[in-house]
There are 2 protein chains.
Amino acid sequence: MNRDLRNPVLHRDDPKREPLSGNIKVTRQDWIDTAMDVLIRHGADRVKILTLADRMGVSRSSFYWYFGSRQDLLDALLSYWEDRNTAAMVAQADAPAPTITAAICNVFRCTANPALFDTALDFAVRDWARRDARVRAALDASDVMRETALRRMFERHGYPEYEAETRAKVLYYMQLGYDFAGKPEPGARRLARVPEYLRVFAGVEPQPGEVEDFNAYARQFAAFSEKEDPHAPS
Amino acid sequence: MNRDLRNPVLHRDDPKREPLSGNIKVTRQDWIDTAMDVLIRHGADRVKILTLADRMGVSRSSFYWYFGSRQDLLDALLSYWEDRNTAAMVAQADAPAPTITAAICNVFRCTANPALFDTALDFAVRDWARRDARVRAALDASDVMRETALRRMFERHGYPEYEAETRAKVLYYMQLGYDFAGKPEPGARRLARVPEYLRVFAGVEPQPGEVEDFNAYARQFAAFSEKEDPHAPS
DNA sequence: GTCTGTCTAGACATTTGTGTCCAGAGCCGG
DNA sequence: CCGGCTCTGGACACAAATGTCTAGACAGAC
């Protein structure tokens, strides 16, 4: 029973690592999934090993087989976020669109669709960034990428560079502030307000059919119709 | 030495309580001030009694003379916030103004002036609200009051009720999102953008002199010219 | 069937934070 | 000057969380 032969570090870091079948109660991914849920619902500083273990019905020791430390787990959570939300929003902003209002609707499609963009996760990461410099750096980089993509979007539709930058800021920070604030408006009222938002953000009238197209899309997602409060405490 | 005669609860709760002069190292207000600083810079969950005591150079026991528990201190912090930011923003929104753009500038004056509105504190309370139901309730009430005041402002300047509500939301949530996001724009660029913001928020051109009046006001405050990063971690 | 590697449980040490108790220092009024 | 009130320091108990160590259960390979 040589201790070096079962060195857990090697196995943890091996991407091809395949666990034995019947022996396992939880996998590395189970730890990550549970931690992600706690991160979103309670914040990064409440991702505690004991809490996760209790919730999954295993002992804390199991954790240290899969992860070297709590920090390792948190790094995994940040990696997941980095590979998701920002890419989705940039893609939607870059998507071709006949008019600026249609283009803005594309951006709305992003935040309306939980499969494309997890607003609760995005918020949790922002919250976390206040407490961790590495997270903060990753977040700042993401904000720049998103805002740049939105500015390019306005520029493609004929807005001068400086005005495009301002409108990108209004659109992006309004979106941010809306998700940040307490209670979201009920889905129906929120949808009804879309044409007005388009007028304010673009400064022009939406074209016929554009709002209807977006509404039809948005109604597919519970997030936009009856979203549960993403900031409920405790 | 009857214990009931020196019952600390009576003294702590007595608003007319006057400490002896030369005997005191810290006052109740010192604890609150230090806690407020930590709340703003690191978040409510890092307001630890030991940390505060170390920083003031006294023992933890002193704390329990002035406060019954850590919760008592946090309640004091919340009370302070409740009596400040919201009142200031509502007052600025209600202030008479010749045009809508001048009225919006009044609101900008609020967030530009640290004496009227502490954005960092506001943010810290929002952060805290995610972790404490009572804070969350106080925050929700404040958001409603602020948004209502902004809607009334647009209505007074002739916007129909529904459009006034939408524009109030864009103005308020953009403000929120801007403070929420990572790095604020440098002061000069931010000031230069004011007229464009006015056009987007109001949908009309600012009148001559309005922007200049606001700029002259804003330049008095370091917060708007070279604000330090309010969300630096740790 | 035994051995080997994978994974888990339970006990231990350590750190950090809260709250309580008590002795006592310092100031004040009588 | 002295007794009582105000406030502080230091010791204690306790709880929550992290990380380490060791024994051992279990499946698969041979």
Side-chain angles (χ1 to χ4, degrees), chain A residues 1-31 34-35 38 42-75 131 234, chain B residues 1-31 34-35 38 42-75 131 234:
Chain A
M1 194 71 83
N2 186 338
R3 229 173 115 255
D4 287 333
L5 281 180
R6 57 174 282 275
N7 182 348
V9 177
L10 278 174
H11 293 288
R12 279 200 303 264
D13 291 351
D14 184 356
K16 305 181 306 301
R17 192 176 61 85
E18 290 269 330
L20 298 176
S21 60
N23 191 13
I24 297 181
K25 292 197 175 173
V26 299
T27 65
R28 183 184 158 96
Q29 192 59 42
D30 288 332
W31 284 101
T34 311
V38 174
H42 307 293
D45 46 296
R46 281 190 46 188
V47 176
K48 306 285 172 71
I49 299 167
L50 179 60
T51 310
L52 303 179
D54 283 351
R55 201 156 128 182
M56 294 188 292
V58 295
S59 120
R60 276 183 323 109
S61 316
S62 166
F63 175 86
Y64 292 96
W65 180 260
Y66 297 105
F67 301 90
S69 70
R70 179 171 175 272
Q71 192 57 48
D72 275 14
L73 173 63
L74 295 178
D75 288 349
R131 294 167 169 76
S234 164
Chain B
M1 192 72 81
N2 186 338
R3 232 176 110 253
D4 289 332
L5 281 180
R6 55 173 286 273
N7 183 348
V9 177
L10 278 174
H11 293 287
R12 280 200 302 264
D13 291 351
D14 184 356
K16 305 181 306 302
R17 192 176 60 86
E18 291 269 329
L20 299 176
S21 59
N23 191 13
I24 296 180
K25 294 198 175 174
V26 298
T27 65
R28 182 184 159 97
Q29 192 59 43
D30 288 334
W31 285 101
T34 311
V38 173
H42 307 294
D45 46 297
R46 280 190 47 186
V47 176
K48 306 286 171 69
I49 299 166
L50 179 60
T51 310
L52 303 179
D54 282 351
R55 203 157 125 178
M56 295 188 292
V58 296
S59 116
R60 274 185 324 111
S61 317
S62 166
F63 176 86
Y64 292 97
W65 179 259
Y66 297 105
F67 302 90
S69 69
R70 179 171 176 272
Q71 192 57 48
D72 275 11
L73 172 63
L74 295 178
D75 289 348
R131 295 166 170 76
S234 165

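The chains referred to below are lettered A, B, ... by the order of the sequence lines, with proteins before strands, and numbering in each begins at 1. No experiment lies behind these values; they were computed from the predicted model shown. Only heavy atoms go into these numbers, but all of them, side chains included; no hydrogens, no water, no symmetry mates.
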Provide, to the nearest angstrom, the distance between the [atom1] atom belonging to [X] and the [atom2] atom belonging to [N].
X	N	atom1	atom2	result
A:Phe63	D:dC21	CZ	P	17 Å
A:Phe67	D:dA17	CZ	P	19 Å
A:Gln71	D:dA17	CD	C1'	15 Å
B:Trp65	D:dT8	CH2	P	9 Å
B:Arg28	D:dT8	CZ	C1'	18 Å
B:Leu73	C:dG19	CG	C1'	15 Å
B:Asp54	D:dT8	CG	P	15 Å

Please name the pair of heavy atoms, one in A:Arg55 and one in A:Val38, separated by the smallest distance, quoted to 0.1 Å. NH1-CG2, 3.4 Å
Tightest non-hydrogen contact, residues B:Trp31 and B:Ser62, listed as NE1-OG, 3.7 Å
Is it true that A:Asp45 and B:Arg131 have a side-chain N and a carboxylate O under 4.0 angstrom from each other? yes
Does A:Val47 offer a backbone N or O that forms a donor-acceptor pair with the side chain of A:Arg70 under 3.5 Å? yes
Would you mind telling me which of C:dT20, D:dG19, D:dC7 lies closest to the side-chain atoms of A:Tyr64? D:dG19
For B:Ser59, side chain to side chain contact (heavy atoms under 4.5 Å, CB included) partners two or more places apart: B:Ser61
Which protein N or O atoms sit under 3.5 Å from an N or O of nucleotides 10-17 of chain C?
residue : atom : partner : partner atom : Å
C:dG10  : N7   : A:Ser61 : OG           : 3.3
C:dG10  : O6   : A:Ser61 : OG           : 2.5

Tell me whether the OP1 or OP2 atom of D:dT8 has a side-chain N or O from B:Tyr66 closer than 4.0 Å. yes
Residue set satisfying salt bridge (Lys or Arg N to Asp or Glu O under 4.0 Å) with A:Asp54, at least two apart, ordered chain then number -> none
